[in-house]
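The structure appears below as structure tokens.
No hydrogens, no waters, no symmetry mates; every other heavy atom, side chains included, goes into these values. Naming: A, B, ... by sequence-line order, numbering from 1 per chain.
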Amino acid sequence: MESKNSNEKVPNFIRNIIAEDLKNNKNEGRVQTRFPPEPNGYLHIGHAKAICLNFGLAEEFGGKCNLRFDDTNPVKEEDEYANAIEKDVRWLGFDWGEKTYYASDYFEQMYEYAVQLVKAGKAYVDDLSADEIRQYRGTLTQAGVESPYRNRSVEENLDLFERMRKGEFPNGAQVLRAKIDMSSPNLNMRDPVMYRILHAKHHRTGDKWCIYPMYDWAHGLEDSIEGITHSICTLEFEAHRPLYDWFLEQLGVFHPQQIEFARLNLSYTMMSKRKLLQLVEEGHVNGWDDPRMPTISGLRRRGYTPESIRDFAERIGVAKRDSMVDIALLEHCIREDLNKRAPRVMGVLNPLKVIIDNYPENQVDELDAINNPEDPEMGKRKVPFSRELYIERDDFREDPPKKYFRLAPGREVRLRYAYYITCVDVVKDENGEVTEIHCTYDPQTRGGCSPDGRRVKGTIHWVSTPHALDAEIRLYDHLFTKEDPGDVDEGEDFRSNLNPESLKIVSAKVERSLENARVENFYQFERKGYFCVDPDSSKESLIFNRTVTLRDTWAKIEKAQKGKS
RNA sequence: UGGGGCGUCGUCAAGUGGUAAGACACAGGUUUUUGGUACCUGCAUUCGGAGGUUCGAAUCCUCCCGCCCCAGCCA
């Protein structure tokens with residue numbers, strides 16, 4: 001399976017930086033990265049990019065990658081999320097050793113570092129309200145104003161900070177701020193808040209703390225404590241780097257290098273955790289693992305494999321420019337993976353009854369079918385054939401368009417692995433709807449080829465009626481109708497771009513061999529696409545999710561034809 | 001009109017002074033008992049624009065244009 005790594009690694013700026021560092025023996029040749037999610041939501045394909053990047057780099061350069069929960073805000077974080085995140089990272093195929101790291105494990109040490117800064121006159125307790133702090137901060141073009149509390153004595157600051165920790169003050173009464181520069185053109189440097197008072201129960205430390213560190217203060221410390229050599233994050237943190245560096249420099253501790261890259265944007269979907277949460281809470285989807293969601297759990301349920309997602313992450317590359325990756329690339333990756341691995345099977349999504357007039361009633365023939373033409377080792381199976389069959393409604397046209405070479409009155413086609421049949425009659429109901437068609441078969445063509453060598457243009461799939469299994473099939477399409485769901489008119493939001501046809505449920509007839517299908521098994525329904533067994537499925541009622549369709553050249557031709565006429 | 005970034009094919013993306021990789025998409029074609037797969041061919045005389053340096057520039061310099069991020073006691 002690993003041998004398919006024929007696509008060699010393409011250079012990117014982060015790889016280049018690390019390779020250069022290694023050449024210069026920076027960090028004694030050590031490479032240590034980390035993936036630091038906040039446990040306040042589910043991971044999505046954008047996180048998968050970061051995970052593959054961090055774990056991939058570590059692996060490539062003989063280093064390690066930590067999984068670390070950045071749990072510094074107790075009001076938003078929950079164990080449920082932390083557990084789901086661990087499961088997803090593991091499912092993607094990554095291993096972070098025996099230890100899972102938590103920012104909250106460093107709270108005591110962070111506090112001591114803060115005291116150190118206070119003693120050095122580099123931090124102070126501010127009594128200004130949140131609102132006042134905002135006003136004092138100034139604007140993009142206007143310098144800020146120093147807080148009247150900025151020059152308290154070290155002793156007073158020490159006393160106040162300790163009492164903050166003890167819980168003597170209510171939420172919002174004070175904050176600890178770094179004393180940097182209120183006139184800095186970089187707003188992040190205008191005396192940023194290091195600690196705020198939050199009387200809240202933390203998912204791990206419980207009620208032990210009532211002051212919690214802010215991201216900018218905490219993150220560099222977490223990295224430093226763990227000996228991270230390359231702290232890779234997304235572009236929006238670029239303006240925070242001077243602060244990251246400032247704290248570590250003041251403390252004189254190990255100083256990791258922060259490197260920023262552009263986050264992933266995918267067409268026809270969106271990555272905002274907030275909006276994804278909204279989709280879940282408002283019921284536009286059926287949970288975080290809805291197969292239409294770009295979450296790892298959604299993709300897993302949809303039938304995406306870890307291999308396909310890792311391949312995708314490698315192919316999109318890593319750079320600093322904002323971009324929007326075509327979701328067709330993700331679809332290509334899963335098709336490529338499943339083409340090699342998915343057993344082929346026949347399933348009729350929209351059944352039309354076919355009666356073979358000259359085939360004996362009650363006769364059953366067991367025909368050989370190949371499980372995967374891409375992999376002979378997957379062997380063969382028997383599929384039952386009888387007088388009554390189902391074929392795909394779209395594989396029959398009373399009035400076939402040009403270049404259509406499936407079934408039509410008087411036409412002959414091949415039933416895959418079975419016989420050639422010719423349509424001799426069409427039966428309709430009072431509305432003119434075709435209810436069944438009658439055909440004759442050529443007994444000489446068993447297996448699908450004729451002794452006289454005559455050729456048929458079309459091969460269609462089928463299922464024997466008396467042997468067919470019923471199955472519910474969930475057909476998924478893009479969640480949004482626009483490449484950029486955020487592209488909306490005045491007064492509207494991304495919800496108005498929700499695709500009303502993102503889920504269609506059909507009752508299908510599938511071949512008998514699927515009776516043993518188990519949850520998460522994947523198949524190629526020949527000529528239709530790749531499907532996997534949904535967790536809702538049971539032996540009594542089979543349920544499949546369509547992962548992705550097969551490429552459909554005919555659909556393109558027909559669309560082009562319609563466009564012309 | 002402060003600061004920090006970024007602009008190479010429809011979409012990603014290599015390239016770091018020596019004369020534009022690759023992938024997806026798209027368009028043709030070959031093979032085919034999946035209109036699938038595989039394979040072949042085509043697809044940027046040009047790198048946001050204009051000047052300049054150089055024998056030579058996507059790569060160096062200057063100016064201009066466009067897009068993104070920053071004013072949470074979120075991360």
- Message: Stacking between G35(B) and Trp554(A), yes or no? Criterion: centroid separation under 5.5 angstrom, plane angle under 30 degrees.
- Response: yes
- With both distances under 3.5 Å as the test, what is the Watson-Crick or G-U wobble partner of C67(B)? G5(B)
- Using atom C1' of each nucleotide, how far apart are G29(B) and C65(B) to the nearest Å? 44 Å
- Under 4.0 angstrom, heavy atoms only, what part of the nucleic acid is Tyr420(A) near: base, sugar-phosphate, or nothing? nothing
- At under 4.0 Å between heavy atoms, what does Leu128(A) touch on the DNA or RNA strands: base, sugar-phosphate, or nothing? base
- Could you work out the separation of G48(B) and U30(B) based on their P atoms and round it to a whole Å? 40 Å
- Please name the residue in the list Tyr195(A), Phe237(A), Phe247(A) that meets the ring-ring contact (aromatic ring centres under 6.0 Å, His included) test with Tyr215(A). Phe237(A)
- Task: Could you check which of G35(B), G15(B), U11(B) has an atom nearest any side-chain atom of Asn16(A)?
- Result: G15(B)
- Message: Measuring from the side chain of Arg137(A) (C-beta onward, heavy atoms only), which nucleotide among G72(B), C70(B), C74(B) has the closest atom?
- Response: G72(B)
- Task: Please report the C-alpha distance between Val318(A) and Phe13(A) in whole Å, then the side-chain angles of each, then the deciding distance to 0.1 Å, and finally whether the side chain to side chain contact (heavy atoms under 4.5 Å, CB included) criterion is met.
- Result: CA-CA 7 Å; Val318(A) 179; Phe13(A) 78 102; 4.1 Å; yes
- Message: Nearest to the side chain of Glu374(A), heavy atoms from C-beta on, is which of U37(B), A25(B), G2(B)?
- Response: U37(B)
- For Arg455(A), which contact category applies under a 4.0 Å heavy-atom criterion: base, sugar-phosphate, or nothing? sugar-phosphate
- Write down the distance between CZ (Arg196(A)) and P (G72(B)), rounded to a whole number of angstrom. 14 Å
- Taking only N and O in the side chain of Arg406(A), is any of them less than 4.0 Å away from OP1 or OP2 of G35(B)? no
- Query: For Ser129(A), which contact category applies under a 4.0 Å heavy-atom criterion: base, sugar-phosphate, or nothing?
  - Reply: base
- Do Asp452(A) and Arg454(A) meet the salt-bridge criterion of a basic N to acidic O distance under 4.0 Å? yes
- So what does Phe405(A) hit on the nucleic acid, given a heavy-atom distance under 4.0 Å: a base, only sugar-phosphate, or nothing? base
- OP1 or OP2 of C26(B) sitting under 4.0 Å from any side-chain N/O of Lys556(A)? yes
- The side chain to side chain contact (heavy atoms under 4.5 Å, CB included) partner of Val413(A) among Thr459(A), Ile460(A), Thr422(A), Ile391(A) is Ile460(A)
- Taking Tyr111(A) as the fixed residue, which of Trp217(A), Tyr212(A), Phe161(A) is the one that meets the ring-ring contact (aromatic ring centres under 6.0 Å, His included) rule? Phe161(A)
- Message: Regarding Val175(A), tell me which of base, sugar-phosphate or nothing describes its non-hydrogen contacts under 4.0 Å with the strands shown.
- Response: base
- Task: Tell me which of Ile460(A) and Met214(A) sits closer to the 5' end of RNA chain B, going by the nucleotide each one is nearest to.
- Result: Ile460(A)
- Message: Using a 4.0 Å heavy-atom cut-off, does Asp552(A) contact any base of the nucleic acid, only the sugar-phosphate backbone, or nothing at all?
- Response: nothing
- Item | Base-pairing assignment for C60(B) (Watson-Crick or G-U wobble, both under 3.5 Å) | G52(B)
- Nearest-neighbour nucleotide for the Asp322(A) side chain, A21(B), C68(B), G36(B) considered: C68(B)
- Message: In this structure, how many angstroms lie between the P atom of G36(B) and the CZ atom of Phe522(A), rounded?
- Response: 22 Å
- Query: For Ser323(A), which contact category applies under a 4.0 Å heavy-atom criterion: base, sugar-phosphate, or nothing?
  - Reply: sugar-phosphate
- Does OP1 or OP2 of U34(B) have a side-chain N or O of His461(A) closer than 4.0 Å? no
- Query: What integer distance in Å separates Ile259(A):CD1 from G5(B):P?
  - Reply: 15 Å
- Task: Would you please classify the geometry between the Phe107(A) ring and the His202(A) ring as parallel, tilted or perpendicular, with 30° and 60° separating the classes?
- Result: perpendicular
- Quick one: are the ring centres of Tyr523(A) and Phe531(A) less than 6.0 Å apart? no
- Query: Between atom CZ in Arg315(A) and atom P in A13(B), what is the gap in whole Å?
  - Reply: 15 Å
- Query: Does Glu526(A) or Asn171(A) map to a spot on RNA chain B nearer the 5' end, using the closest nucleotide for each?
  - Reply: Glu526(A)
- Among G3(B), G15(B), A75(B), the one nearest Phe237(A) by side-chain distance: A75(B)
- Query: Hey, does Arg134(A) reach any base, or is it just sugar-phosphate, or nothing, if we go heavy atoms under 4.0 Å?
  - Reply: sugar-phosphate
- Would you mind calling G49(B) syn or anti? Take O4'-C1'-N9-C4 for purines or O4'-C1'-N1-C2 for pyrimidines, and syn is within 90° of 0. anti
- Query: What is the nucleic acid contact for Glu331(A), judged by heavy atoms within less than 4.0 Å: base, sugar-phosphate only, or nothing?
  - Reply: nothing
- Note on the structure: Hits for side-chain contact (heavy atoms from CB on, under 4.5 Å) against Lys201(A), two or more places apart or cross-chain, chain-then-number order -> Asp207(A)
- Message: Base, sugar-phosphate or nothing for Tyr212(A)? Non-hydrogen atoms, less than 4.0 Å.
- Response: nothing
- Rounded to whole Å, the CG-P distance (Asp484(A) to U11(B)) equals 14 Å
- Query: What is the nucleic acid contact for His240(A), judged by heavy atoms within less than 4.0 Å: base, sugar-phosphate only, or nothing?
  - Reply: base
- Message: Heavy atoms only, 4.0 Å cut-off, all strands: where does Ile133(A) land among base, sugar-phosphate and nothing?
- Response: base
- Rounding to the closest angstrom, what is the interatomic distance between U8(B) and A50(B) at atom P? 16 Å
- Message: Expressed as a whole number of angstroms, how long is the span from Glu260(A):CD to C69(B):P?
- Response: 16 Å
- For U32(B), does OP1 or OP2 lie under 4.0 Å from any side-chain N or O of Thr459(A)? no
Can you list, pair by pair, the side-chain donor-acceptor contacts under 3.5 Å of residues 259-268 of chain A, counting residues two or more places apart and other chains?
from	atom 1	to	atom 2	distance (Å)
Glu260(A)	OE1	Arg241(A)	NH2	3.1
Glu260(A)	OE2	Arg241(A)	NE	2.6
Glu260(A)	OE2	Arg241(A)	NH2	3.4
Glu260(A)	OE2	Gln258(A)	NE2	3.0
Arg263(A)	NH1	Glu236(A)	OE2	2.9
Asn265(A)	ND2	Ser323(A)	O	3.0
Ser267(A)	OG	Ile327(A)	N	2.9

- Query: When we call it a touch if two heavy atoms are under 4.0 Å apart, what does Glu38(A) touch: a base, just sugar-phosphate, or nothing?
  - Reply: sugar-phosphate
- What's the closest nucleotide to the Arg527(A) side chain, out of U34(B), C73(B), C68(B)? U34(B)
- Short side-chain N/O contact from Arg551(A) to OP1 or OP2 of U37(B), under 4.0 Å: yes
- Query: Are Arg344(A) and U34(B) close enough that a side-chain N or O sits under 4.0 Å from OP1 or OP2?
  - Reply: no
- Atom OH of Tyr268(A) and atom P of G10(B): how far apart are they, to the nearest Å? 16 Å
- If we take the C1' atom in both A57(B) and C47(B), what is their distance in whole Å? 11 Å
- For atom CE of Met346(A) and atom P of G36(B), their distance in whole Å: 18 Å
- Query: Thr553(A) side chain N/O closer than 4.0 Å to the phosphate oxygens (OP1, OP2) of G36(B)?
  - Reply: yes
- Item | U16(B) to A21(B) separation - C1' atoms, rounded to the nearest Å | 15 Å
